[in-house]
Amino acid sequence: MDSEEIKKFREAGRIAATALQLGGKMIKPGVKLLDVCDAVEKKILDMGAGIAFPTQTSRNEIAAHYCPDDEDESVYQEGDVVKLDCGSHVDGYVADTALTIDLGDNSNLIKASREAVEAAVKIAKVGTTIGEIGRTIQEKIEKYGFAPVRNLSGHGIGRYIIHRDPSITNFDSGNSRELEEGESIAIEPFASTGAGMIYESNNPTVFMISGRKPVRSPFARDVLKEIEQYQGLPFTTRWISRKLGLGKTRVGLRELMHAGIIRGYPPLPDAKKGLVSQAEHSVLVFDKPIVTTKLDE
Ligand code: MN
Ligand code: MN
């Protein structure tokens with residue numbers, strides 16, 4: 001990784017972290033989820049970066065992938081455990097970061113994932129194994145009496161790529177694969193009061209291109225044309241519906257899913273309806289790791 005690339009990763013990180021902080025401050029009972037997601041994405045664009053993936057705000061037992069569309073009237077409620085997860089990119093170099101806001105009485109749950117990510121990024125240097133990262137996360141979360149979510153993982157990040165190797169599990173998998181110099185990764189522990197396992201529900205609003213083939217339906221074709229601009233990065237219903245209208249967009253997206261051209265990423269609830277917290281930072285692996293999504297570094 002050369003110094004130009006490091007600069008771009010760092011700039012993306014600074015912007016994502018700033019937007020996340022702004023969104024986090026907005027999260028209060030009675031505020032619309034949609035307004036927070038819009039504000040975060042506007043901030044990313046205003047600061048001169050691209051949006052790497054749709055901003056997501058999942059509550060309580062939903063660990064990830066909740067992304068409101070324009071008909072979604074839901075508002076944050078007193079007592080909610082609220083995740084906010086956003087990403088920006090500079091020339092394709094991606095930053096991915098998340099936090100959890102406690103609108104109730106779950107401060108230990110929030111602390112567990114936050115302390116886990118802090119401990120993990122500190123040791124994310126050349127030669128540390130994936131297993132050690134996972135063990136560190138697991139120990140922090142279990143110390144609080146919660147379960148790390150075992151089937152959600154951190155991940156490598158590439159240029160215009162959100163998820164790639166290595167997969168960084170939130171428990172000690174025994175994986176002896178070492179982190180390498182110049183690797184770009186996201187570390188994202190989830191702590192659960194329930195099963196520590198999530199499943200895929202339905203009605204996705206987050207999508208990504210998964211294959212290319214010709215389509216005949218005019219709705220699908222119009223939606224597909226809109227999707228091209230995202231350069232293979234994830235996108236959401238509301239971005240497209242603001243151009244094409246919600247009815248047409250939903251039909252087009254469904255057709256593209258059935259044709260195997262896009263894949264949907266539906267909300268991911270905990271299997272036992274436990275409350276879930278998350279914290280996430282993006283890191284460049286060196287002898288001294290660079291945490292790009294921290295504002296004080
Ligand atoms: Mn994320
Ligand atoms: Mn991530």
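Atoms considered below: every heavy atom in the structure, side chains included; atoms not considered: hydrogens, waters and symmetry mates. What you are looking at is a predicted structure, and each value in this text was computed from that prediction instead of being measured. Counting starts at 1 for both ligands and their atoms, following the listed order.
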Q: Go through Leu275 and Phe146 one step at a time and tell me if the side chain to side chain contact (heavy atoms under 4.5 Å, CB included) criterion holds.
A: CA-CA 10 Å; Leu275 297 171; Phe146 304 119; over 6 Å; no
Q: May I have the step-by-step check of side chain to side chain donor-acceptor pair (under 3.5 Å) for Ser74 and Asp72, ending in yes or no?
A: CA-CA 6 Å; Ser74 30; Asp72 191 328; 2.2 Å; yes
Q: Return the set of residues passing salt bridge (charged side-chain N to carboxylate O under 4.0 Å, His left out) with Arg238 (not counting sequence neighbours), or none when no residue passes.
A: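 Arg238 satisfies salt bridge (charged side-chain N to carboxylate O under 4.0 Å, His left out) with Asp38, Glu41 once adjacent residues are dropped.
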Q: Let me know which of Glu4, Arg10, Met1, Arg159 forms a side chain to side chain contact (heavy atoms under 4.5 Å, CB included) with Tyr93.
A: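 The residue from Glu4, Arg10, Met1, Arg159 that satisfies side chain to side chain contact (heavy atoms under 4.5 Å, CB included) with Tyr93 turns out to be Arg159.
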Q: Would you sort out whether Asp96 and Phe53 count as a side chain to side chain contact (heavy atoms under 4.5 Å, CB included), showing the intermediate values?
A: CA-CA 9 Å; Asp96 180 1; Phe53 56 83; 3.2 Å; yes
Q: Does Thr237 form a side chain to side chain donor-acceptor pair (under 3.5 Å) with Thr205? I'd like the steps, not just the answer.
A: CA-CA 5 Å; Thr237 308; Thr205 52; 5.0 Å; no
Q: Using a cut-off of strictly less than 2.8 Å, determine whether His163 has an N/O/S atom near the Mn ion (ligand 2).
A: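 No - counting backbone and side chain alike, His163 has no N, O or S atom under 2.8 Å.
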Q: Only protein N/O/S atoms count here: give how many lie under 2.8 Å from the Mn ion (ligand 1).
A: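 N, O or S atoms of the protein closer than 2.8 Å: 4.
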